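The sequence lines fix the lettering, A, B, ..., with proteins before strands; numbering per chain opens at 1. Note that this is a predicted model, so its numbers are computed, not measured.
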2 protein chains.
Amino acid sequence: MRTTKYTRDNMVELLRQHGINPTHQRIEIAHALFSHPGHLCADQVMGITNAKHSETSKATVYNTLNLFLDKKMIREVIVDPSKVFYDPNTYPHHHFYNTATGELTDIDVEDIGLTGLPQLPPGLVTEGVDIIVRVRPSA
Amino acid sequence: MRTTKYTRDNMVELLRQHGINPTHQRIEIAHALFSHPGHLCADQVMGITNAKHSETSKATVYNTLNLFLDKKMIREVIVDPSKVFYDPNTYPHHHFYNTATGELTDIDVEDIGLTGLPQLPPGLVTEGVDIIVRVRPSA
DNA sequence: GTAAAGAATTAGACACGGTCCAATCCTTTG
DNA sequence: CAAAGGATTGGACCGTGTCTAATTCTTTAC
């Protein structure tokens, strides 16, 4: 469990660690992602970074999120056909997805045992394994 | 392993079994889904049903696919942020997803052992568990 | 300090998957 | 055969995400 405070300064360092030039917008977007619990979509990121004063354009939000993905500073979570969620936690883990509310919750990978995955065809390598447990209110 | 021939007549029966009124378009769409190996997206379904003569509108394709989903005659597979795949196999199973080609391949659920899923918060029930193994060419 | 080059950001147009709606076209039933 | 309900349709529409050309910001070199 990380207990780091997500200050702007820490964001600058984080960006540098991933080879990303820390600009105002990038710092704000990183800060939005890392300081918010849970998983945001592009729309929400833009809402947060522009809450006080409009600072960041739609194009930049998408550019930046894709840059972060590219540099593996964040991860994308694909569970909803209509939008992508961005996950600041790149440590291997899985997700509960509440199909009623759209809420995503982490599942620690330590808890999970997964066996019996078939051999990959030759010429292919695994990029990652996503386990999504879809849940809904029992009512 | 099912070895049923996917004739139009069988499609009619299948639709009836799921409480769906078998119309021309529905039969054609069901046939497209079940007779094609693999997993199609809406676009491809429309392409196939309209290959010879244009018969089915975009609205009907989507209406029908959503109807099939509703009646649990097919399943959706969400792995690509830009489109949904429809899976005629509703028997529990998982998927390889080739991120380079977009190809989906089934993983038999028998092969897989999954343990240690955390307790669900009260008031929630599991709808399903999706395991997606993302793969790419090793080159 | 300043000019030039390169990087980042921007507004707005655009692409595309998918939904919505009102009008039309079947079917079925009486 | 008429009326009613269901299914289908074209086309407008919506939201997420991309593209592009123009602008601004930062860096470097002098």
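- With contacts defined as side-chain heavy-atom distances shorter than 4.5 Å, the pair Leu65(A)/Ile29(A) qualifies.
- Residues in residues 35-88 of chain B take part in these ring-ring contact (aromatic ring centres under 6.0 Å, His included) pairs, two or more places apart or across chains: His39(B)-His95(B).
- Between chain A and DNA chain C, the heavy-atom contact criterion of under 4.0 Å yields a 5' to 3' nucleotide range of dA8(C) to dA11(C).
- Less than 4.0 Å separates DNA chain C from at least one heavy atom of each of the following residues of residues 82-89 of chain B: Ser82(B), Lys83(B), Val84(B).
- Of the residues in residues 72-80 of chain B, not one comes within less than 4.0 Å of DNA chain C through any heavy atom.
- Side-chain contact between Val12(B) and Thr7(B) is absent, with no heavy atoms from C-beta onward closer than 4.5 Å.
- Annotation: side chain to side chain donor-acceptor pair (under 3.5 Å) contacts involving residues 114-136 of chain A, sequence neighbours excluded, comprise Glu127(A)-Thr99(B), Glu127(A)-Arg136(B), Asp130(A)-Arg134(B), Arg134(A)-Asp130(B), Arg136(A)-Glu127(B).
- For Leu67(B), the side chain to side chain contact (heavy atoms under 4.5 Å, CB included) test picks out Ile20(B), Arg26(B), Lys71(B), with sequence neighbours left out.
- Formation of a donor-acceptor pair under 3.5 Å by the Asp108(A) side chain with backbone atoms of Asp111(A) is not found in this model.
- Environment of CD in Glu55(B): crowded, with over 12 heavy atoms of neighbouring residues, nucleotides or ligands closer than 6.0 Å.
- Taken residue by residue, residues 58-69 of chain B places heavy atoms nearer than 4.0 Å to DNA chain D at Ala59(B), Thr60(B), Asn63(B).
- Listed for the His93(A) side chain is a donor-acceptor partner under 3.5 Å among the backbone atoms of Tyr91(A).
- By the salt bridge (charged side-chain N to carboxylate O under 4.0 Å, His left out) test, Arg16(B) pairs with no residue at all, sequence neighbours left out.
- Residues of residues 46-56 of chain B having a heavy atom closer than 4.0 Å to DNA chain C: none are found.
- Cluster annotation: Val84(A) is not connected to Val77(A) through the hydrophobic network of ILVMFWY side chains, with a link wherever side-chain heavy atoms come within less than 4.5 Å.
- In this structure, the side chain of Ser35(A) engages the main chain of His31(A) through a donor-acceptor pair within 3.5 Å.
- Residues Pro137(B) and Asn98(B) are in side-chain contact: their nearest non-hydrogen atoms beyond the backbone lie under 4.5 Å apart.
- Looking at heavy atoms from C-beta onward, Leu69(B) lies in side-chain contact with Ile74(B) at the 4.5 angstrom threshold.
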Worked verdict on Thr56(A) versus Thr64(A) for side chain to side chain contact (heavy atoms under 4.5 Å, CB included)
CA-CA 10 Å; Thr56(A) 312; Thr64(A) 303; over 6 Å; no

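- There is a path of hydrophobic side-chain contacts, each under 4.5 Å, that joins Met73(A) to Met46(A).
- Hydrophobic side-chain contacts under 4.5 Å tie Leu117(A) into a cluster, directly or through other members, with Phe96(A), Ile107(A), Ile112(A), Leu114(A), Leu120(A), Leu124(A), Val129(A), Ile131(A), Val133(A), Val135(A), Phe96(B), Ile107(B), Ile112(B), Leu114(B), Leu117(B), Leu120(B), Leu124(B), Val129(B), Ile131(B), Val133(B), Val135(B).
- Sorted by residue number, the members of residues 20-31 of chain A with any non-hydrogen atom under 4.0 Å from DNA chain C read Asn21(A), Thr23(A), Gln25(A), Arg26(A).
- For residues 42-51 of chain A, no residue pair satisfies the side chain to side chain donor-acceptor pair (under 3.5 Å) rule, not counting sequence neighbours.
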